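Have a look at the structure below before the remarks.
Remember, it's a predicted structure, so these values are computed and weren't measured experimentally.
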Amino acid sequence: MEIERKFTIRQLPDNLDAYPHYEIKQAYLCTDPVMRIRKQDSKYIFTYKGRGLMVREEYNLPLTAEAYEHLLPKADGNLISKKRYLIPLSDGLTAELDVFDAPFDPLCLAEVEFPDETAARRFTPPDWFGQEVTFSTAYHNSTLSRLPRESLVDKSFLLSNSTTL
């Protein structure tokens with residue numbers, strides 16, 4: 001089970017490049033259920049995610065570079081490219097800060113994974129986090145992958161998806 005909360009970003013932390021980070025490129029073979037392929041630096045992963053918002057099933061399986069390249073042309077929608085920073089928080093938690101590349105820039109989102117639902121509910125976000133979007137499917141990467149090209153050009157997705165459901 002994946003238990004996580006997601007937030008927009010009010011302000012990027014100082015010295016961002018001092019934190020561990022990696023490059024991610026991911027594409028979606030299916031969005032319901034979510035079946036994703038990801039290149040994370042030199043690591044390749046196939047992910048299945050069940051339905052849900054704060055809590056949902058997640059399975060990660062290793063892929064080879066050849067399998068990733070074979071599946072990539074079969075993916076639907078937009079390729080998502082981003083840099084993920086791992087920023088330590090209190091209570092041993094880590095913020096996974098995603099800074100999206102074009103055409104999704106300047107979008108930045110932070111996710112925090114929790115050991116259980118109680119810890120997730122008790123979490124108080126740091127000041128640099130913005131609005132919570134955990135319960136909005138608009139901010140799922142699988143949703144971003146399906147956005148029409150015209151909304152990516154004028155960045156209307158940033159405005160139309162700025163409220164939590």
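- Members clustered with I24: Y22, L86, by chain and number, using a 4.5 Å side-chain heavy-atom cutoff among hydrophobic residues.
- In the hydrophobic cluster analysis, where Ile, Leu, Val, Met, Phe, Trp and Tyr join through side-chain heavy atoms closer than 4.5 angstrom, M35 is grouped together with L79.
- Summarising the geometry of L72 relative to A27, their closest heavy-atom pair is CD1-CB, 3.8 Å, with the distance given to 0.1 Å.
- Looking only at side-chain heavy atoms (C-beta outward), I45 and Q26 stay at 4.5 Å or farther from each other.
- Around CG of D17, the count of heavy atoms belonging to other residues, nucleotides or ligands within 6.0 Å exceeds 12.
- Between D101 and K82, no side-chain nitrogen of the basic residue sits less than 4.0 Å from a carboxylate oxygen of the acidic one, so the salt-bridge criterion is not met.
- In this structure, R5 contributes its side chain and A120 its backbone to a donor-acceptor pair below 3.5 Å.
- A distance of 8.5 Å separates CE in M54 from CZ in F114, rounded to the nearest 0.5 Å.
- Looking at every heavy atom in both residues, V112 comes nearest to A95 through CG2-CA, 4.1 Å.
- Salt-bridge formation is detected for the pair K49/E2: a Lys NZ or Arg NE/NH1/NH2 atom is positioned less than 4.0 Å from an Asp or Glu carboxylate oxygen.
- To the nearest 0.5 Å, atoms NZ (K74) and CD1 (I37) are separated by 9.5 Å.
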Should T94 and I87 be marked as a side chain to side chain contact (heavy atoms under 4.5 Å, CB included) after you check the CA-CA gap, both sets of side-chain angles, and the distance that decides it?
CA-CA 5 Å; T94 300; I87 302 173; 5.7 Å; no

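- In terms of modelled atom types and a separation under 3.5 Å, the side chain of D116 and the main chain of A119 share a donor-acceptor contact.
- S136 OG to Q131 CD: the interatomic distance, rounded to the nearest 0.5 Å, is 8.0 Å.
- At a threshold of 4.5 Å between side-chain heavy atoms, the hydrophobic network of Ile, Leu, Val, Met, Phe, Trp and Tyr places M1 and F123 in one connected group.
- Residues F104 and N78 have side chains in contact (heavy-atom distance under 4.5 Å, counting atoms from C-beta outward).
- Considering only heavy atoms from C-beta on, R10 stays 4.5 Å or farther from F129 through its side chain.
- Pairing each heavy atom of A67 with each of L63, the nearest pair is CB-CD2, 3.8 Å.
- Between L29 and R36 there is no side-chain heavy-atom pair separated by less than 4.5 Å.
- Interatomic distance, L71 CG to E66 CD, rounded to the nearest 0.5 Å: 11.5 Å.
- Side-chain contact between K39 and Y44 is present, with at least one heavy-atom pair separated by less than 4.5 Å.
- Between F100 atom CZ and K83 atom NZ the span is 14.5 Å, to the nearest 0.5 Å.
- Using a 4.5 Å heavy-atom cutoff, the side chains of T143 and T31 are not in contact.
- Of all heavy-atom pairs between R56 and V34, the closest is NH1-CG2, 4.4 Å.
- With a 4.5 Å cut-off on side-chain heavy atoms, I80 and L144 count as touching.
- Taking CD1 from I3 and CD from E58, the interatomic distance works out to 11.5 Å, rounded to the nearest 0.5 Å.
- At a threshold of 4.5 Å between non-hydrogen side-chain atoms, the residues D76 and Y28 do not count as touching.
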Take R122 and D91, measure what salt bridge (charged side-chain N to carboxylate O under 4.0 Å, His left out) needs, and give me the verdict at the end.
CA-CA 11 Å; R122 278 192 277 188; D91 298 328; over 6 Å; no

Step by step, would you call Y85 with V99 a side chain to side chain contact (heavy atoms under 4.5 Å, CB included)?
CA-CA 8 Å; Y85 297 88; V99 178; 3.8 Å; yes

Could you check L97 against L109 for side chain to side chain contact (heavy atoms under 4.5 Å, CB included), going step by step and ending with a plain yes or no?
CA-CA 6 Å; L97 172 62; L109 296 171; over 6 Å; no

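- No donor-acceptor pair under 3.5 Å is formed between the side chain of H140 and the backbone N or O of A138.
- In the model, K6 has no side-chain atom that pairs as donor or acceptor with a side-chain atom of T134 under 3.5 Å.
- Checked by atom type, the side-chain pair Y59/E57 shows a donor-acceptor distance below 3.5 Å.
- Nearest heavy-atom pair, L93 versus E113, reported as atom, atom and distance to 0.1 Å: CD2-O, 3.6 Å.
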